[in-house]
Amino acid sequence: MFLKVQLPWNVIIPAENLDAKGLMLQRSIIIRLLDEFATKKATKDLGYFLAVTTLENIGEGKVRQTGDVLFPVIFSGITFKLYRGEILEGVVHKVLKHGVFLRCGPVENIYLSYLKMPDYRYVPGENPLFMNDKLSKIEKDVVVRFIVIGTKWLEAEREFQALVSLEGDYLGPVS
């Protein structure tokens, strides 16, 4: 699910980037904020950081001992987080004997177990796939609609993993 969030952030501007006019200062703050925002990747509570939409407020700068200036800023942004019970679509990127891995937006590790694919059976070969009696296929690069049954936050990698299912109406490969 996409979320609109308002976040406080501290932006540090090196002394050499400071300018008396102020316009270059605001530009430096925005550039620094975007750089830091991109490297943060995700948090457990808010999900993946996707975009900064508006810069709401730039607080008064505080000079640090190093000569750099710290500016408290408040901005709005868009994040993406998976929730249990949510129905989403993802693209299969790996097919294994016991299930498939999907990608959905910034989430790379979404696992769909063969146990959660009713009526599908594994077909081994050069390009392995899962197929049901109606010849519906789940293979690499196929878009699949699924329901999220669980998520896990990995602090070290700063990313989420999800476990999903096809048990429900209108779930499965999307044509």
Side-chain angles (χ1 to χ4, degrees), residues 1-9 11 30-56 73-175:
M1 177 179 298
F2 293 101
L3 305 170
K4 183 174 184 194
V5 296
Q6 194 171 51
L7 295 169
W9 207 275
V11 177
I30 291 169
I31 289 169
R32 191 67 170 229
L33 174 64
L34 291 172
D35 286 345
E36 290 177 17
F37 187 78
T39 58
K40 184 86 170 171
K41 191 174 177 181
T43 66
K44 183 177 182 178
D45 297 331
L46 299 173
Y48 291 88
F49 296 122
L50 300 181
V52 173
T53 53
T54 54
L55 184 58
E56 307 288 341
V73 299
I74 297 173
F75 67 94
S76 293
I78 305 285
T79 64
F80 178 81
K81 186 174 179 187
L82 297 171
Y83 287 97
R84 187 176 178 175
E86 187 174 22
I87 294 174
L88 296 167
E89 291 180 0
V91 179
V92 176
H93 69 93
K94 190 185 283 183
V95 179
L96 304 169
K97 185 173 151 184
H98 297 289
V100 297
F101 281 96
L102 303 121
R103 289 188 181 112
C104 176
V107 187
E108 297 281 325
N109 293 312
I110 298 174
Y111 183 65
L112 172 59
S113 170
Y114 77 100
L115 297 171
K116 295 294 179 181
M117 291 189 255
D119 304 325
Y120 281 88
R121 65 186 185 288
Y122 180 70
V123 179
E126 189 176 317
N127 295 318
L129 56 94
F130 284 86
M131 189 163 49
N132 69 6
D133 295 335
K134 297 174 187 163
L135 302 180
S136 179
K137 296 178 183 178
I138 297 176
E139 58 190 337
K140 193 174 187 322
D141 297 325
V142 167
V143 177
V144 177
R145 184 175 298 128
F146 55 81
I147 186 165
V148 178
I149 55 177
T151 62
K152 180 179 177 183
W153 169 249
L154 303 173
E155 185 65 46
E157 291 86 6
R158 303 201 64 71
E159 65 183 24
F160 286 91
Q161 289 181 335
L163 186 61
V164 299
S165 173
L166 299 185
E167 295 170 336
D169 295 336
Y170 307 108
L171 302 179
V174 179
S175 46

> If the threshold is 4.0 Å, N to carboxylate O, is there a salt bridge linking Arg32 and Glu36?
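Yes, Arg32 and Glu36 are salt-bridged.
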> Go through the steps for Lys140 and Asn127 under the test side chain to side chain contact (heavy atoms under 4.5 Å, CB included), then give the verdict.
CA-CA 8 Å; Lys140 193 174 187 322; Asn127 295 318; over 6 Å; no
> So Leu112 and Phe146, do their side chains get closer than 4.5 Å, heavy atoms only?
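No; the side chains remain at least 4.5 Å from each other.
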> Do Thr151 side-chain atoms and Leu82 backbone N/O form a donor-acceptor pair below 3.5 Å?
no
> Give a yes or no on whether a salt bridge exists between Asp45 and Lys81, defined as a side-chain N under 4.0 angstrom from a carboxylate O.
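Lys81 and Asp45: not salt-bridged.
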> Taking atom NZ of Lys137 as the centre, report whether more than 12 heavy atoms of other residues, nucleotides or ligands fall under 6.0 Å from it.
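No, NZ of Lys137 has 12 or fewer neighbouring heavy atoms, counting only those of other groups under 6.0 Å.
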> Do you know the tightest heavy-atom contact between Pro173 and Ser136?
CG-OG, 3.4 Å
> Is it the case that atom CZ in Arg158 sees more than 12 heavy atoms from other parts of the structure closer than 6.0 Å?
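Buried by this count: over 12 neighbours within 6.0 Å.
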> Would you give the length of the straight line joining atom OH of Tyr48 to atom OG1 of Thr79, rounded to the nearest 0.5 angstrom?
12.0 Å
> Is there side-chain contact between Tyr111 and His98, with at least one heavy-atom pair below 4.5 Å?
yes
> Distance check, rounded to the nearest 0.5 Å: Tyr122 atom OH versus Leu96 atom CG?
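Nearest 0.5 Å value for the OH-CG distance: 7.5 Å.
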> Testing the basics here: between Glu167 and Ile147, what is the closest heavy-atom pair and its distance to 0.1 Å?
O-CG2, 4.3 Å
> Quick one: are Arg121 and Asp133 in side-chain contact, heavy atoms under 4.5 Å?
yes
> Using a 4.5 Å cut-off on heavy atoms from C-beta on, say whether the side chain of Leu50 contacts that of Phe2.
yes
> Would you say Glu56 and Ser76 make side-chain contact, with heavy atoms under 4.5 Å?
yes
> Mind checking whether Phe49 and Trp9 have parallel, tilted or perpendicular rings, split at 30° and 60°?
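Rings of Phe49 and Trp9: perpendicular, over 60°.
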> Roughly how far, to the nearest 0.5 Å, is the CG atom of Leu46 from the CZ atom of Phe80?
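Here the rounded value is 14.0 Å.
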> Side chains of Val100 and His93, heavy atoms from C-beta outward: is any pair under 4.5 Å?
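They are not in side-chain contact.
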> Do Gln6 and Ile74 have side-chain heavy atoms sitting under 4.5 Å apart?
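Gln6 reaches Ile74 side chain to side chain.
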> Please verify the inter-ring angle class for Phe37 with Phe75; under 30° counts as parallel, over 60° as perpendicular, anything in between as tilted.
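Ring orientation, 0 to 90° scale: perpendicular.
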> Between Glu155 and Lys44, does at least one N-O distance fall below 4.0 Å, as a salt bridge requires?
no
> Quick one: CG on Asp35 to CD1 on Ile30, what's the gap to the nearest 0.5 Å?
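Interatomic distance, Asp35 CG to Ile30 CD1, rounded to 0.5 Å: 12.0 Å.
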> Mark yes or no for whether Arg145, through its side chain, and Val174, through its backbone, hold a donor-acceptor pair below 3.5 Å.
no
> Would you check if Phe130 and Val95 make a side-chain contact, meaning some heavy-atom pair closer than 4.5 Å?
yes
> Could you tell me the separation between the CD1 atom of Ile138 and the CG atom of Leu166, rounded to the nearest 0.5 Å?
5.0 Å
> If I take atom OH from residue Tyr120 and atom NZ from residue Lys134, how far apart are they, to the nearest 0.5 angstrom?
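If I round to the nearest 0.5 Å, the distance is 8.5 Å.
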